[in-house]
Amino acid sequence: MSSICQSCGACCASFRVDFHPAELAGGAFAWGQGVPSAMTVPVTPAVVRMCGTDDAAPRCVALAGEIGQAVRCTIYDERPSPCREFDVEHAACLRARQRHGMSI
Ligand code: SF4
Ligand code: SF4
């Protein structure tokens, strides 16, 4: 996680986070201990979603802290692949930051 991300967290409170259940704890493609099932909701047999990311005001259940101040992912070592693929180089990073009142 880059230092800018540690004082941001906007993407964790902007977008749905969907992934294959194989990344859940005990799954064949789990990172580390795997994403705790209790932090997810099933969408289809092949898709689970991080709780809170589909709310009207989205915020991943695993995000701790205050957006735009200081945040951390409480399951960083286990976080699912969409989170691993997203960073400040992603076009949606700026969109997320603007949504939360931040600029660059
Ligand atoms: S929106 Fe961009 S800067 Fe903010 S936490 Fe996500 S990747 Fe980092
Ligand atoms: S799992 Fe962690 S990195 Fe992924 S959206 Fe939730 S808080 Fe952010």
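First listed ligand is number 1; within each ligand, the first listed atom is number 1.
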Undergrad: Which bit of D87 is near ligand 1, meaning a heavy atom under 4.0 Å away: side chain, backbone, both or neither?
TA: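 It is the backbone that touches ligand 1; the side chain stays farther off.
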Undergrad: Quick one: closest heavy-atom pair of R84 and Y76, and the distance?
TA: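 Nearest heavy atoms, R84 then Y76: NH2-O, 3.9 Å.
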Undergrad: Looking only at side-chain N and O atoms, does Q69 offer a donor or acceptor that is under 3.5 Å from a partner on S7?
TA: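 Result is no, nothing qualifies.
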Undergrad: To check your reading of the model: name the closest protein heavy atom to atom 7 (S) of ligand 2, its residue, and the distance in Å.
TA: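 Its nearest protein heavy-atom neighbour is L63 N, 3.6 Å.
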Undergrad: Quick check on contacts: which atoms of ligand 1 are under 4.0 angstrom from a heavy atom of G9?
TA: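 Matching atoms, with element in brackets: 4 (Fe), 5 (S).
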Undergrad: Which protein heavy atom lies closest to atom 2 (Fe) of ligand 2, and at what distance to 0.1 Å?
TA: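 Going by distance alone, atom 2 (Fe) of ligand 2 is nearest to C73 SG, 2.3 Å.
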Undergrad: For atom 8 (Fe) of ligand 2, find the nearest protein heavy atom and state the residue, atom name and distance (0.1 Å precision).
TA: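 Among all protein heavy atoms, the one nearest atom 8 (Fe) of ligand 2 is C12 SG, 2.4 Å.
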Undergrad: Can you give me the closest heavy-atom contact between C73 and R79, atom names plus distance?
TA: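 In this case the closest contact between C73 and R79 is SG-CB, 4.3 Å.
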Undergrad: For T74 and L63, indicate whether the former's side chain and the latter's backbone hold a donor-acceptor pair under 3.5 Å.
TA: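 Side chain of T74 to backbone of L63, a donor-acceptor pair under 3.5 Å: no, none is there.
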Undergrad: For residues C5 and V88, report the shortest heavy-atom separation together with the two atoms involved.
TA: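 Distance-wise, the nearest heavy atoms are SG-CG1, 4.0 Å.
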Undergrad: Quick one: does any side-chain atom of E66 pair with a main-chain N or O of V71 as donor and acceptor, under 3.5 Å?
TA: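 Looks like no, no N/O pair under 3.5 Å.
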Undergrad: May I ask you to check whether C11 brings an N, O or S atom to under 2.8 Å from atom 8 (Fe) of ligand 2?
TA: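 Within the cut-off used here (under 2.8 Å), C11 places no N, O or S atom near atom 8 (Fe) of ligand 2.
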Undergrad: Does any N, O or S atom of C60, backbone or side chain, fall under 2.8 Å from atom 4 (Fe) of ligand 2?
TA: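 Short answer: no, not a single N, O or S atom is under the cut-off.
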Undergrad: Measure the distance from atom 4 (Fe) of ligand 2 to every protein heavy atom, then report the residue, atom name and distance (to 0.1 Å) of the closest one.
TA: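 The protein heavy atom lying closest is C83 SG, 2.3 Å.
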Undergrad: Hey, is there an N, O or S on C93 sitting under 2.8 Å from atom 2 (Fe) of ligand 1?
TA: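 Yes, C93 qualifies, because one of its backbone or side-chain N, O or S atoms lies under 2.8 Å.
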Undergrad: Please list, in number order, the atoms of ligand 1 under 4.0 Å from a heavy atom of C8.
TA: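 Answer, ordered by atom number: 1 (S), 3 (S), 4 (Fe), 5 (S).
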Undergrad: Is the contact between R97 and ligand 1 made by the side chain, the backbone, both, or neither, using heavy atoms and a 4.0 Å cut-off?
TA: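 Looking at R97 and ligand 1, just side chain atoms fall under 4.0 Å.
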Undergrad: Judged by atom type as modelled, is there a donor-acceptor pair below 3.5 Å linking the side chain of R49 to the main-chain atoms of T53?
TA: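 Not at all, since once roles are kept as given, no pair shorter than 3.5 Å links the two residues.
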Undergrad: If the cut-off is 4.0 Å to any non-hydrogen atom of V88, which atoms of ligand 1 fall inside it?
TA: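 Listed by number with element, the hits are 3 (S), 7 (S), 8 (Fe).
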Undergrad: Do M50 and I75 have side-chain heavy atoms sitting under 4.5 Å apart?
TA: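 When only atoms from C-beta onward are counted, I75 and M50 do touch, with a gap below 4.5 Å.
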